[in-house]
Amino acid sequence: MAKISFLGHACFMIEAAGHTVIIDPFLNGNPQATMKPEDVTVEAVLLTHGHADHFGDTVAIAKKNSALVVANHELAIFAQNEGVENIHPMHIGGQYDFPFGTVKLTPAQHGSAYIRENGEIVYTGMPCGIILTMNGKRIYHAGDTGLFSDMKLIGDRNPLDLAIVPIGDNFTMGIADAVEAVKLLHPKMVIPMHYNSWPPIEANADSFVDRVEKECGVTCVKVNPGESIEI
Ligand code: NI
Ligand code: MN
């Protein structure tokens, strides 16, 4: 069993077998956030890419918890440069077994940079998706991405208990493409993310849920920020 909590936007906390990790911990400044970074207790922070709405409160959370930051090589080094002590750099296609579970990075079709308040752009490597296996449950967090046909390879080679996919359009897949992504990934269950945080990414999650269940025959659950499900 694994417990998946949605903390708003693209941030998920995953607990299984006594281990807890967080993905893309953007809480301060996240209009959907239901938790403060200082209340987060985790052993690892997993990052899909360097955009501020994903990197978020990584440094504060990692420092407070002495947590390991797992990310693509450039982003992991960026986190280290920002003051994170424990990093584990990986890259696309690579998999590694951690005490909390197994992480594999996948491609994602997107940008990846940390943009400072003064406009300086710091390159943070290629954007990624994350396949996280904890306590026998395999979860795919797609990160920010458009639809790409290699999602079929991801689903075929890594049978997924859960796929978490963006539906907000503008910066990522919208609903129509996300339905196609579910067909390629063929997971047991789907959760939509990365929508309704701001006006450009407004999306009707109920319509996505209907379409996934009707067109893909896959269970789809709209998890509201602050809510959890168990798989
Ligand atoms: Ni992004
Ligand atoms: Mn984003």
Side-chain angles (χ1 to χ4, degrees), residues 4-14 21-35 37 40 45-61 69-79 82 90-92 103 105-117 119-132 139-148 150-151 154 163-178 181 185 190-205 208 222-225:
I4 290 95
S5 303
F6 184 38
L7 303 188
H9 196 56
C11 179
F12 288 82
M13 186 177 285
I14 302 169
V21 305
I22 195 166
I23 301 177
D24 287 357
F26 167 55
L27 299 173
N28 270 332
N30 174 355
Q32 298 183 331
T34 57
M35 195 180 241
V40 171
V45 178
L46 316 183
L47 297 173
T48 61
H49 65 296
H51 286 158
D53 60 316
H54 298 260
F55 187 79
D57 302 292
T58 292
V59 175
I61 291 169
V69 171
V70 179
N72 82 62
H73 182 74
E74 294 86 350
L75 181 52
I77 299 296
F78 173 74
E82 293 292 301
M90 301 179 64
H91 235 304
I92 293 168
V103 174
L105 296 185
T106 73
Q109 296 286 0
H110 193 62
S112 182
Y114 189 84
I115 303 173
R116 296 195 191 279
E117 281 178 13
E120 183 195 353
I121 292 179
V122 182
Y123 174 66
T124 51
M126 296 291 281
C128 299
I130 294 170
I131 300 172
L132 169 66
I139 300 158
Y140 170 56
H141 185 298
D144 281 2
T145 187
L147 176 64
F148 56 96
D150 281 356
M151 285 178 173
I154 292 173
I164 302 170
V165 297
I167 64 163
D169 223 329
N170 193 75
F171 297 110
T172 68
M173 297 186 282
I175 287 174
D177 282 357
L185 293 164
V190 175
I191 295 176
M193 66 165 173
H194 212 274
Y195 66 97
N196 288 358
S197 319
W198 302 285
I201 58 169
E202 279 168 6
N204 183 342
F208 176 69
K222 181 176 97 171
V223 183
N224 292 312

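Just so you know, ligand 1 is whichever comes first in the structure, and atom 1 is the first atom listed for that ligand. Side-chain atoms are counted along with the backbone in the values below, which use heavy atoms only and exclude waters and symmetry mates.
The aromatic rings of Trp198 and Phe26 are tilted relative to each other, their planes meeting at an angle between 30° and 60°.
Under 2.8 Å from the Mn ion (ligand 2) lies no N/O/S atom of His51, from backbone or side chain alike. For the Ni ion (ligand 1), the N/O/S atoms of Asp53 include none lying under 2.8 Å. Taking 2.8 Å as the threshold, His110 does not count as a candidate ligand of the Mn ion (ligand 2), since none of its N, O or S atoms lies below it.
Around the Mn ion (ligand 2), the angle linking Asp144 (OD2) with His54 (NE2) is 90°, rounded to 10 degrees. Angle NE2(His194) to the Mn ion (ligand 2) to OD2(Asp53), rounded to 10°: 100°.
Closest approach between the Ni ion (ligand 1) and any N/O/S atom of His51 involves ND1. When distances from the Ni ion (ligand 1) to the N, O or S atoms of His110 are compared, NE2 comes out shortest. Shortest distance from the Ni ion (ligand 1) to Asp144 is reached at OD2 (N/O/S atoms only). Nearest N/O/S atom of His49 with respect to the Ni ion (ligand 1) is recorded as NE2.
Panel note: side chain Asn72, backbone Cys128; no donor-acceptor pair is recorded below 3.5 Å. No side-chain donor-acceptor contact under 3.5 Å links Thr172 to the backbone of Asp144.
Test Ser5, Pro225, Cys11 against Thr34 for side chain to side chain contact (heavy atoms under 4.5 Å, CB included) and you get one pass: Pro225.
Side-chain N/O atoms of His194 and Asp53 include a donor and acceptor closer than 3.5 Å.
Aromatic pair His54/His49: ring centres closer than 6.0 Å.
Here the shortest heavy-atom pairing between Met90 and Val70 reads SD-CG1, 3.6 Å.
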